Enquirer: 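The structure under discussion is supplied below as structure tokens; questions concerning it will follow.
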Amino acid sequence: MRSQMIVITIVALAGSGLACGFGGSSEQAPPPITAPSTPDRVTLLEAPVEVLFEVTGKGKADITYAYEYGQTPTRLRAETPWRTTTTRSLTEPVMLVTLTARATGTSPDTIIGCRVTIGGNVVLAEKTAHGPHAEATCSTVPSALTT
């Protein structure tokens with residue numbers, strides 16, 4: 001009786017092992033499911049994007065802007081609205097974007113604005129100022145947006 005129980009137990013264990021995939025089956029298990037690959041954050045930052053500098057208002061303004069250290073182009077008495085673009089990687093060199101617009105008008109109704117946009121639709125900085133010789137400054141580090 002005892003040997004019969006041992007044989008039944010061994011047969012039962014062998015059967016369960018085959019049912020779970022142990023034994024002589026030649027089929028391979030399907031590969032594990034993985035998430036689709038996406039570029040990492042650094043790769044996205046290194047891709048060139050369009051940086052748009054805009055000044056809004058009426059009349060003239062003194063405009064200074066920079067998108068690299070050591071570079072500060074200035075447009076004196078530029079007609080507004082005004083805009084310029086550049087294409088840059090947001091990490092090379094570590095980029096500081098600055099745009100300052102100072103209205104030359106002395107009217108209390110003077111309005112001047114600045115906006116810096118990347119990629120055509122991401123507003124990095126936007127400011128508006130009012131009054132005689134109003135001044136608006138937009139300044140940011142674009143790569144800080146992704147941290």
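From a predicted model like this one, the values you see are computed outputs, not experimental measurements.
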Enquirer: Where do R115 and L99 come nearest, in terms of heavy atoms and distance?
Expert: O-CD2, 3.8 Å

Enquirer: List the atom of T110, the atom of S107, and the distance in Å for their closest heavy-atom pair.
Expert: OG1-O, 2.8 Å

Enquirer: Give, for atom SG of C138 and atom CZ of F53, the distance between the pair rounded to the nearest 0.5 Å.
Expert: 10.0 Å

Enquirer: Once side chain to side chain contact (heavy atoms under 4.5 Å, CB included) is applied, do any residues pair with E135, and if so which ones, sequence neighbours excluded?
Expert: T100, R102, T137

Enquirer: Same cluster or not: are L76 and V55 linked, directly or through other Ile, Leu, Val, Met, Phe, Trp or Tyr residues, by side-chain heavy atoms under 4.5 angstrom apart?
Expert: no

Enquirer: Indicate, with yes or no, if L52 and V123 share a hydrophobic cluster defined by side-chain heavy-atom contacts under 4.5 Å among Ile, Leu, Val, Met, Phe, Trp and Tyr.
Expert: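 Different clusters: V123 never reaches L52 through Ile, Leu, Val, Met, Phe, Trp or Tyr contacts under 4.5 Å.
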
Enquirer: Looking at every heavy atom in both A129 and A136, which two are closest together, and how far apart are they?
Expert: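 Scanning both residues, the minimum pair turns out to be CB-N, 4.2 Å.
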
Enquirer: Could you check T80, I63, T104, T56 and say which one makes a side-chain contact (heavy atoms from CB on, under 4.5 Å) with I112?
Expert: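 With I112 as partner, T80, I63, T104, T56 yield a single side-chain contact (heavy atoms from CB on, under 4.5 Å), made by T80.
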
Enquirer: Please step through side chain to side chain contact (heavy atoms under 4.5 Å, CB included) for the pair D62 and R77, ending with a clear verdict.
Expert: CA-CA 5 Å; D62 295 333; R77 301 192 56 76; 3.8 Å; yes

Enquirer: With sequence neighbours left out, write down each residue that passes side-chain hydrogen bond (donor to acceptor under 3.5 Å, both in side chains) with S139, or none if nothing qualifies.
Expert: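 By the side-chain hydrogen bond (donor to acceptor under 3.5 Å, both in side chains) rule, S139 matches T98.
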
Enquirer: Within the structure provided, determine whether T85 and R83 are in side-chain contact (heavy-atom separation under 4.5 Å).
Expert: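 Counting from C-beta outward, T85 and R83 never come under 4.5 Å.
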
Enquirer: Using a 6.0 Å cut-off, check whether atom NZ of K60 has over 12 heavy atoms from anything other than its own residue.
Expert: yes

Enquirer: What are the two closest heavy atoms between V49 and G119, and how far apart are they?
Expert: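 In this case the closest contact between V49 and G119 is CB-N, 4.3 Å.
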
